[in-house]
Colleague: 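Would you mind keeping the following structure in view while I ask a few things?
Quick note: numbers below take in every heavy atom, side chains included, and nothing from hydrogens, waters or symmetry partners. Just so it is clear: chains get the letters A, B, ... in the order the sequence lines come, proteins before strands, and each one is counted from 1.
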Amino acid sequence: MDPSHSEYARILTLGLHKIKSPLTVIRESIALVEDATLGQINDEQKIILGTALKNVDRLTHMLNDINDYEMLLLSPDIPTSGDYSLRSLLHECMTELRVLFTCWNNTFEIDLPNEDLYVFVNKESFLMALKKIIINAIQFAPASSILIRARNGTGTATISVHDSGVGIPRGYLREIVKPFTRFAATDIILEGGAGLGLTIADLIIRRQGGTLRVASEPEKGTTFTIMVPQQKWT
Amino acid sequence: MKKKILIIDDEPEILLVSSSRLRASGYTVITAHNGEDALARARSEVPDMIIVDVMMPPPDGYSVCKTLKADTLLKTKPVLLCTAEKKDEAHTKSLQCGADGYIRKPFNSAELLATIKKHIG
């Protein structure tokens, strides 16, 4: 990384850490009143404070997404990669997302070939991309089942994430990985990101020699397909 | 008998809201606003658990944790780091300094209480 970029990245990370302290104070102050620890409140007050809490969490996710995206832009180098079992990566990813699935009444199904697939990726970045794609599926299809399927290709592993949600209008398919893209159907805010999740996922996957594709049918659902190399690429 | 928790943070407002939450949940809370003060309080009060913010003026939370884990009287007491770092980074650094766990800012109280309960009941 360029030294000036490196200093900027350091300040950015430090600044984000600093912002999280007042966010903690705001979140916990609201929560102490909202959950009646400090005394009874009425239903309307509870709804209003619950909305405030949800938006503190949303702001936190936005800050994290903006930080992740900035860091990716500042570090254009291809990250160090290695061979990883796709079964293990998916297990780690779904373990982290289990709470989110429970919160939003989603279930998931994983369909893997009998013989494990290996992918040549940077583990941390790949997991980040995969999580963002799955979180996007949850956001578009609450209370439904998400199907994650992996298949072996010629030197390439294909991982698809299918949701049966509202779908993406045809005119937006090309736009969906651009920063801050939103369209009318996405007024459901669950995880509440900044609109950068798919942008980050796409950038990470491309930097690792892969591609991210999307196919969708309004009211029937969307499938994101990741294709990543199974061995070292140049 | 109530379990005693020492919270160490250089931000008084974090101490205020965290103390309020933990007292309401039945714990005795003592606080310190810097690393040196914290070590003195920990040695005199011998809390059941210590929650330390990592980003403090020197000594930072990692150094405080290392010192606690090297202290004969305190080394068995669970230390929980409070950090704004990403999960992977927080996990690695907490292992490196001998902490028993970490919680990420902005934490929610259910997560904080569950983590404390796991260690001291």
Colleague: With chain B, which of A:Asp35, A:Leu127, A:Leu16, A:Ile26 has the greatest number of heavy-atom pairs at distances under 4.5 Å?
Modeller: A:Asp35
Colleague: Using a strict 4.0 Å threshold on nitrogen-to-oxygen distance, state whether A:Asp65 and A:Lys132 make a salt bridge.
Modeller: yes
Colleague: Using heavy-atom distances under 4.5 Å, tell me whether A:Asn67 contacts chain B through its side chain, its backbone, both, or neither.
Modeller: side chain
Colleague: Okay, side chain of A:Arg87, backbone of A:Leu112: is any donor-acceptor separation there less than 3.5 Å?
Modeller: no
Colleague: Shorter than 4.5 Å, heavy atoms on both sides: which option in A:Asp68, A:Thr37, A:Leu23, A:Leu32 has the most such pairs with chain B?
Modeller: A:Leu32
Colleague: Are A:Glu28 and B:Arg21 within salt-bridge range, i.e. N to O under 4.0 Å?
Modeller: yes
Colleague: Which one of A:Ser21, A:Ala31, A:Pro22 has the most heavy-atom pairs closer than 4.5 Å to chain B?
Modeller: A:Ser21
Colleague: Mind checking which of residues 32-65 of chain B sit less than 4.5 Å from chain A, heavy atom to heavy atom?
Modeller: B:Met55
Colleague: Less than 4.5 Å to any heavy atom of chain A: does that hold for the side chain of B:Glu13, its backbone, both, or neither?
Modeller: both
Colleague: Looking at B:Lys75, is its backbone amide N or carbonyl O close enough to the side chain of B:Lys69 to form a donor-acceptor pair, meaning the two atoms are under 3.5 Å apart?
Modeller: yes
Colleague: What pair of heavy atoms forms the shortest contact from A:Ser125 to A:Gln208, and how long is it?
Modeller: CB-NE2, 3.2 Å
Colleague: Counting only non-hydrogen atoms closer than 4.5 Å, does A:Leu53 touch chain B with its backbone (N, CA, C, O), its side chain (CB onward), both, or neither?
Modeller: neither
Colleague: Can you tell me if A:Ser29 uses its side chain to pair, donor with acceptor, with the backbone of A:Val25 under 3.5 Å?
Modeller: yes
Colleague: Less than 4.0 angstrom from a charged side-chain N to a carboxylate O is my criterion; do A:Asp57 and A:Arg27 meet it?
Modeller: yes
Colleague: If you look at every heavy atom in A:Thr199 and A:Val177, which pair is closest and at what distance?
Modeller: OG1-O, 2.9 Å
Colleague: Are the aromatic ring centres of A:Tyr118 and A:Tyr84 under 6.0 angstrom apart?
Modeller: no
